[in-house]
**Student:** 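Have a look at the structure that comes next, please.
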Amino acid sequence: MKVDHPVRNRFQYLIEIKKTERKWHFPFLAALCIGIPLLLGWFSGKPNYGSLSSLGALTILYFTTAPISQRMIHLAVCAFGIIFSFTISLFFSFNIYTAALSFGIVSFLSHFITSYFKIPPPGNFFSLCWLQWQVRFSLIWK
């Protein structure tokens, strides 16, 4: 009887290198889209504004080599998802309990919508990061 090692199998995916369909220049484009707002925020003396705006630039990571109609849908869904999660986190960050409830609801909606539209990886990751970041810092800033 062969015994599988579930822990080893789970961590194998962390070190696995897969072939990607993205072009070679895509990491440079992503670095520019995320780095330029950070530099502008740093030069203007407001690095927190730069980091906030660079999170919005993470939408570029959803750019795939799919047909143009599908790309437009993916980018629109991701952009509106990030805007929606930011807005909801601002509305419900006045109390830690409502913030936790809104985080759960937006997490569910984010997963449901990205599954419905078949958004490729990173999927709902950045809208959830945006929501968590905004709720955490809005509670700290008050």
**Student:** Taking all non-hydrogen atoms of both residues, which atom of Ser44 and which atom of Gly41 are closest, and how far apart?
**Tutor:** OG-O, 3.1 Å

**Student:** Got more than 12 heavy atoms from elsewhere within 6.0 Å of CZ, Phe26?
**Tutor:** yes

**Student:** Please answer: with hydrophobic residues joined when any side-chain heavy atoms are less than 4.5 Å apart, are Ile113 and Tyr116 in the same cluster?
**Tutor:** yes

**Student:** Applying side-chain contact (heavy atoms from CB on, under 4.5 Å), name anything that partners Thr98, two or more places apart in sequence or on another chain.
**Tutor:** Phe92, Phe94, Asn95

**Student:** Tell me, please, which residues at least two apart from Leu101 pass side-chain contact (heavy atoms from CB on, under 4.5 Å).
**Tutor:** Ile105

**Student:** How long is the straight-line distance from OG of Ser110 back to CZ of Phe103, given to the nearest 0.5 Å?
**Tutor:** 9.5 Å

**Student:** Determine the minimum heavy-atom distance between Pro37 and Leu32, stating which atoms define it.
**Tutor:** CD-O, 4.3 Å

**Student:** By side-chain contact (heavy atoms from CB on, under 4.5 Å), which residues pair with Ala30, not counting sequence neighbours?
**Tutor:** Ile60, Leu61

**Student:** Between Ser54 and Ile34, what is the shortest heavy-atom contact and its length?
**Tutor:** CB-O, 3.4 Å

**Student:** State yes or no: do Tyr49 and Leu38 share one hydrophobic cluster built from I, L, V, M, F, W and Y residues joined by side-chain heavy-atom distances below 4.5 Å, directly or via other members?
**Tutor:** no

**Student:** Same cluster or not: Val106 versus Phe108, using hydrophobic residues (I, L, V, M, F, W, Y) connected whenever any side-chain heavy atoms lie under 4.5 Å apart?
**Tutor:** yes

**Student:** Do Leu109 and Phe91 land in one hydrophobic cluster if side-chain heavy atoms of ILVMFWY residues count as linked below 4.5 Å?
**Tutor:** yes

